[in-house]
Protein chains: 2
Amino acid sequence: MRSAEFDKEQVLRAAMTAFMEKGYAKTSMQDLKAATGLHPGSIYCAFQNKRGLLLAALEQYNRDRGDELQTLFSQHPSARAGLAAYLAHVVAECVSCDPQKLCLTQKALNELAEQDAEAQAILSEQCAMWRNALCAVFERIAEQGELTGTRSPLDRARGLIVSIYGLRTFAHTHPEPQVMRDLGAQILKDVCQ
Amino acid sequence: MRSAEFDKEQVLRAAMTAFMEKGYAKTSMQDLKAATGLHPGSIYCAFQNKRGLLLAALEQYNRDRGDELQTLFSQHPSARAGLAAYLAHVVAECVSCDPQKLCLTQKALNELAEQDAEAQAILSEQCAMWRNALCAVFERIAEQGELTGTRSPLDRARGLIVSIYGLRTFAHTHPEPQVMRDLGAQILKDVCQ
DNA sequence: TCATATCTTGAATAAGCATTCAAAAACTAA
DNA sequence: TTAGTTTTTGAATGCTTATTCAAGATATGA
């Protein structure tokens, strides 16, 4: 018996950033070898093939982002303040123009939703998990009486996801940071109204 | 002297749909040959290379979409009604799940904004043109007294673009058509408020 | 210490890719 | 009709790609 030398999470995070920077199609196995430090044989042994590595990386990304969201909201007693901080965090990522701070779920959705049914199913489920987490947030905000209007938490969660996807796409045109912050503020207003 | 046999607009529209379906990286010259009916030599003679064909296709797409928007709004005396029709049109495209009804600008923005500065510049300018067109729409809606609130037309135009980008990304997870229509209706409300 | 099972290594493979080019075809102008 | 110019054609090129595999390295258990 002998166990693998590499740390799977570490390898998946390295693959994640490689895919974020170049997209799936343009990331070569050579890129992945350089990013992960693994030789082709090891990658194929652990993940079947390039696509298997992507799918595993997508799941790792989703876990990491879920944890991050939970941590962020646990730091704010007011759910509404947590939401503001969350949006500010997303805006900051957009403004940074750092390819490693893109949303891999969104990138993959745009690149392969129409081409790979299995990837699409994984991504749809991840989107549903995200939506449920945000839905719970809006339920807490409602309980704390910080919501006007009559929209359901689910509606608001969907609206917020749409807005964040849009914000991240819009950011690729490099608008001024203040514009991005204003857009974020307006989204917060609209979604809590 | 001899003029080219092919119709440039027709070729560019064929290339557009090829790039929409597979993305830039995964569309091979063989795909483009099949889609356009042009042999490699002719493509290279007319557009330099694969990337040149993409850039030309992006510009054609932008022209076509600009014309489409103008036509749609010219059919509605009420600018507000035109906006509602425009959003309904976008939602219908999202619901159709037809890869040929994606937004090529958005697809390219997501795939190559970080990798190709020239493409990014073209796409940013196209986004600015779109924003200006929508800004003019909001000015007309304001003149017609159908706007509440104090947001500037420019703010609203940016917000609408963000929402449409988001809607199109969200659509890749195949939500129910009614959900998409509800999201469209909410966007219309928020942006005119 | 040794045998064994498993992982690691990196060169080899075969397919696919963007691009080039020279020959053939065809339109234009005289 | 004919000469000249440009386009069309599609095979050839050389490079890159994902994937495989057999040899070598190394940890584990006896």
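What you are looking at is a predicted structure, and each value in this text was computed from that prediction instead of being measured. Naming convention: chains lettered A, B, ... in sequence-line order (proteins, then strands); numbering from 1 in each chain.
Of all heavy-atom pairs between Leu83(A) and Phe73(A), the closest is N-CE2, 3.4 Å.
Residue His39(B) places at least one side-chain N or O closer than 4.0 Å to OP1 or OP2 of dG10(D).
The separation between Ile43(A) atom CD1 and dG10(C) atom P is 13 Å, rounded to whole Å. Leu38(B) places its CG atom 11 Å from the C1' atom of dT9(D), with the value rounded to the nearest Å.
Side-chain polar atoms of Gln60(B) and Arg63(B) form a donor-acceptor pair below 3.5 angstrom.
For Arg51(A), the side-chain hydrogen bond (donor to acceptor under 3.5 Å, both in side chains) partners two or more places apart in sequence, or in a different chain, are Asp116(A), Glu118(A).
Because its NZ or CZ atom is both nearer than 6.0 Å to the ring centre of Tyr24(B) and within 45° of the ring axis, Lys50(B) counts as a cation-pi partner of that residue.
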Please write out each protein N/O paired with an N/O of nucleotides 14-21 of chain C under 3.5 Å, distance rounded to 0.1 Å.
unit_1, atom_1, unit_2, atom_2, d
dA18(C), OP1, Thr27(B), O, 3.4
dA18(C), OP1, Met29(B), N, 3.4
dA18(C), OP1, Lys50(B), NZ, 3.1
dA18(C), OP2, Met29(B), N, 2.6
dT19(C), OP2, Tyr44(B), OH, 2.5
dT19(C), OP2, Lys50(B), N, 3.2
dT19(C), O5', Tyr44(B), OH, 2.9

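Between the side chain of Gln144(B) and the backbone N or O of Ala79(B), at least one donor-acceptor pair lies under 3.5 Å.
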